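Worksheet for the structure shown next.
What you see is a predicted model, and the numbers here were worked out from it, not measured in a lab. Convention: sequence-line order gives letters A, B, ...; per-chain numbering from 1.
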Number of protein chains: 2
Amino acid sequence: MGTRQEISALPPEADLARADSLAREIFSDVANKWAFLIIEFLGQRTMRFTELRNEVGGISHKMLTQNLRMLERNGLVERTIHPTVPPRVEYTLTEAGEGLRAVVDGMCGWTQRYLGHIESSRSSFRDPAG
Amino acid sequence: MGTRQEISALPPEADLARADSLAREIFSDVANKWAFLIIEFLGQRTMRFTELRNEVGGISHKMLTQNLRMLERNGLVERTIHPTVPPRVEYTLTEAGEGLRAVVDGMCGWTQRYLGHIESSRSSFRDPAG
DNA sequence: CCGAATCCTATACGATACTG
DNA sequence: CAGTATCGTATAGGATTCGG
């Protein structure tokens, strides 16, 4: 009992409330800036490494590699190696990755909608510490 | 021209594609583990500092303070100080914060739905580096 | 072209101690 | 109780170099 496979009547967010350790681990992995940007851009189409790097912009070679490995490990991204010279490696979202993409899209929409609010909140904010 | 206030016919995610620097900055601030967890739990109800710390779990005093300041600066969280002894400080989501909460809820749902997929992908994953 | 390894710096983060 | 400051360590992250 208490396994992931149980069918639960609780709302999705209750899982975090129950301090589910795997769910939290996934949050830690996936809820970060680079992962979100990668998911967002890969959602547009399959891309090669360098192409993706250019699209995301501002990400180092190393960070892109690390994040792609992490996303691959979690089954959100699939890596296809074409054994040509020079090698051609393509990255695609899996079904799970597409599901996350919907979430990221939601965040993009949210950002758009509240951009003005956030901007004005920032300019009027005074840190209590001074 | 080119300001935030323009009405755009493009889909929300196109903003990131245009490398909008403010939108990216917001992504960097908000798309992180602690911010998401805080938003998620604060969405359930208004809470005091220590109460929230217990709910989130595993977050240090310092990190909670830092993230709450950041969320306040961006107008996602409102801080109310009751001038009593000892001080009572309550945190609540703003309307923008509630909007983001919907996104985080979406991610909780996604996590639930793909937990099994992720778990099995993890166990079969072999790092190409060995 | 893609990726691993190395080196180095900046920041994240935790622990602790102090203030109103 | 809530917050700040300071210190120490760990990890994130960039630049570069080498290899398949």
Checking [X] now: which residues fulfil side-chain contact (heavy atoms from CB on, under 4.5 Å) with it, not counting sequence neighbours?
| X | result |
| --- | --- |
| A/T92 | A/T46 |
| A/T50 | A/N54 |
| B/S60 | B/K62, B/M63 |

I'd like to check the ring pair (Phe, Tyr, Trp, His ring centres under 6.0 Å) partners of B/Y91; sequence neighbours left out, ordered by chain and number. none

B/H117: partners by ring pair (Phe, Tyr, Trp, His ring centres under 6.0 Å), with sequence neighbours left out: none

So which protein N/O to nucleotides 6-12 of chain C N/O distances come out below 3.5 Å?
none

Which whole-number value in Å describes the distance from [X] [atom1] to [N] [atom2]?
| X | N | atom1 | atom2 | answer |
| --- | --- | --- | --- | --- |
| B/H61 | C/dA15 | NE2 | P | 13 Å |
| B/R69 | C/dC13 | CZ | C1' | 17 Å |
| B/I59 | C/dG14 | CD1 | C1' | 12 Å |

Of the residues in residues 71-92 of chain A, which ones touch DNA chain D at a heavy-atom distance under 4.0 Å? A/P87

Non-hydrogen side-chain atoms of B/F27 and A/M107 separated by less than 4.5 Å: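 Heavy-atom side-chain distance check passes, below 4.5 Å.
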
Would you say the side chain of A/I39 lies within less than 4.5 Å of the side chain of A/V103, judging by non-hydrogen atoms? no

Scan residues 58-82 of chain B for pairs that pass ring pair (Phe, Tyr, Trp, His ring centres under 6.0 Å), counting only residues two or more places apart or in two chains.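 Residue pairs with at least one partner in residues 58-82 of chain B: B/F49-B/H61.
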
Between A/R45 and A/E90 (salt bridge meaning N to carboxylate O under 4.0 Å), is one present in this structure? no

Degree of bending in the helix from C/dC1-D/dG20 to C/dG20-D/dC1 once both end axes are built from five pairs, to 10°: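 Taking the rotation axis at each end, their angle is 40°.
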
For B/R79, all residues meeting side chain to side chain donor-acceptor pair (under 3.5 Å), sequence neighbours excluded: B/E72

From the 5' end of DNA chain D to its 3' end, which nucleotides mark the outer limits of contact with chain B, defined by a 4.0 Å heavy-atom distance cut-off (strictly under)?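 Footprint of chain B along DNA chain D, 5' to 3': D/dC1 to D/dC7.
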
Could you tell me whether the side chain of B/W110 and the main chain of A/A96 form a donor-acceptor pair under 3.5 Å? yes

Which residue, A/K33 or B/R48, contacts DNA chain D at a nucleotide closer to its 5' end, judged by nearest heavy atom?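 Taking each residue's closest nucleotide, the earlier one in sequence belongs to B/R48.
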
For A/R73, which residues count as a salt bridge (Lys or Arg N to Asp or Glu O under 4.0 Å) partner, sequence neighbours excluded? A/D29

Linking I/L/V/M/F/W/Y whenever any side-chain heavy atoms sit under 4.5 Å apart, do B/L22 and A/L37 land together? yes

